[in-house]
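Below is one structure, written out as structure tokens; comments come after it.
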Amino acid sequence: MKNIDRSDLTDMDEYIKFGGYSAILKALEMKPSDIIDEVKRSGLRGRGGAGFPTGMKWSFAAADPKKPKYLICNADEGEPGTFKDKPILEKNPHLLIEGMIISGYALQAEYGYIYLRGEYPKAKDILEKAIKQAYNRGYLGDNIHGKEVNFHLYVHQGAGAYICGEETALIESLEGKRGQPKIKPPFPVNEGFLSKPTVVNNVETLANIPYIIEIGAEAYSKIGSPECPGPKLFSVSGNVKNPGVYELPMGTTLREIIYTHCGGIRDDKKLKAVIPGGISTPILTPDKIDCPMDFVNMPKYGSMLGSGAVMVFDETVDLAKICLRAMKFFEHESCGKCTPCREGIGWMRAILERICSGSGMAGDIELLIEVSKNIAGKTFCPLGDGAAVVVQSFINNFRQEFEQHISKEFSKEIKVAA
Ligand code: NAI
């Protein structure tokens, strides 16, 4: 996000003024395999949520003899709480384009697609304008900068389905089919777009590539956590004084993010809970906020880095209602392909609705856990797992919030009030 608010970087001249498009010139002097090695040595891990090593993913696609190869940028960020890719797409589109050209060259892919979430119409116009500028200046198209390197780039807008952020559903959608996930393996690196080797990388991942080429793998690997280095974007929302997107070294603690960068809890209330990496990552109690936010350390504290979407809840928030809100989202977004997800999430929503409306019954909490266990690990894609994680982690950490709704005293109060 360097210079992102100092200048209009959507204008190619401004981007170049601040050093843009110099990494591509450096990359074009390197062999494709050397770029892949550089990215491997940098330690870059995917920023979409899963943290898969980027260089390793690239090397799998590069080693597959099938041709042509494709590069897809997953710009369908839809995880509740996640809005970290938006500033890149809307304010620094050339950084993503430069990252994609370098990645395309490294993979020997001549076609790239940006699969953009339907809810980001502003970004579509900005990206298309920037792509046109890059074509006009010879950075996109055939024979880039006089070399025998071709790369064509297109924006494809989704229609507002969360599931199309899952890479196999995304590929189906890009092929013009209904966006539903497929079982992996085969992974897209071997059988992706049009059944050809395809690398799907998140916006933020690709935006790191020019920087890695510019400063070199060694310098990059010294930023942030040794196990998973680099800068990381955190989108912080909820009850903090200054919500927003923050670029910080990987491994910055949740405490530092909340209290130093976001100014602490709004109205100086007490912190009740934090979801650290988007709604699908387990909720944490306040005693866990000294966790370093990276892919390696977060599991030790009982959660995951995910997409780095920090959602902060103060003492006044009713977490049972948050859980219900999340379940309505997952029920609405389930693609319906597999039964445990399609049916089970609806059941969990119905039980939570009963609990939150004061009609909860003894045994409802156990029933919720039982249903969640019949979803987790039994679906084609992680959407069902995400819903199960919400129910299980909310109940494990904040059971009393649900019990209060179910308790006789509480139900009586509701009935009297009604
Ligand atoms: P995954 O672990 O299945 O895969 C991660 C990436 O590594 C994929 O590109 C996959 O193809 C590749 N990969 C994994 N193993 C491989 C192998 N053996 N060979 C070749 N390639 C391999 O995770 P997935 O389903 O892609 O992502 C799940 C994560 O997405 C969740 O942890 C969640 O945090 C995040 N998420 C992010 C959202 C957002 O808006 N940014 C939305 C929803 C979920």
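Indexing begins at 1, ligand by ligand and atom by atom, following the structure's order.
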Test item, Ser280 contacting ligand 1 (heavy atom, 4.0 angstrom): no
For Asp294, the option from Pro249, Cys228, Pro226 that meets side-chain contact (heavy atoms from CB on, under 4.5 Å): Cys228
Thr198 side chain near Tyr113 side chain, heavy-atom distance below 4.5 Å: no
Test item, Pro188 contacting ligand 1 (heavy atom, 4.0 angstrom): yes
Atom 38 (C) of ligand 1: the protein heavy-atom neighbour that sits closest, reported with distance to 0.1 Å: Glu79 CB, 3.5 Å
Atoms in ligand 1 with a heavy atom of Gly306 nearer than 4.0 Å: 34 (O)
Residue-ligand contact Gly78/ligand 1, heavy atom below 4.0 Å: yes
Proximity winner for atom 29 (C) of ligand 1, if only heavy atoms of Ala50, Pro181, Gly46 are counted: Ala50
Enumerated ligand 1 atoms positioned under 4.0 Å from heavy atoms of Val189: 20 (C)
Any Lys184 heavy atom less than 4.0 Å from ligand 1: yes
Flag, side chain of Glu166 to backbone of Ala169, donor-acceptor distance under 3.5 Å: yes
Proximity of Tyr115 and His156 rings by center, below 6.0 Å: yes
Glu29 side chain near Lys147 side chain, heavy-atom distance below 4.5 Å: yes
Numbering as shown, the atoms of ligand 1 that approach Glu77 to under 4.0 Å (heavy-atom distance): 40 (O)
Polar side-chain atom of Ser225 near backbone of Glu227 as donor-acceptor pair, under 3.5 Å: no
Protein contact of atom 25 (O) of ligand 1 - nearest heavy atom, named by residue and atom, plus distance: Pro382 CG, 3.4 Å
Sub-4.0 Å heavy-atom approach of Gly48 to ligand 1: yes
Verdict with reasoning, Phe187 to Phe60, per ring-ring contact (aromatic ring centres under 6.0 Å, His included): CA-CA 10 Å; Phe187 289 95; Phe60 291 154; 8.3 Å; no
Polar side-chain atom of Ser393 near backbone of Ile283 as donor-acceptor pair, under 3.5 Å: yes
Shortest protein contact, atom 32 (O) of ligand 1 (heavy atom only): Gly49 O, 3.6 Å
Element-labelled atoms of ligand 1 that are located less than 4.0 Å from some non-hydrogen atom of Glu167: 8 (C), 9 (O), 10 (C), 11 (O)
Of the listed options Phe187, Phe60, Tyr162, Phe295, closest to atom 13 (N) of ligand 1 (non-hydrogen atoms): Phe187
Side-chain touch Val245/Phe234, heavy atoms, less than 4.5 angstrom: no
Distance flag, aromatic centroids of Tyr105 and Phe151, threshold under 6.0 Å: no
Heteroatom distance test (Lys57, ligand 1): nitrogen or oxygen, under 3.5 angstrom: yes
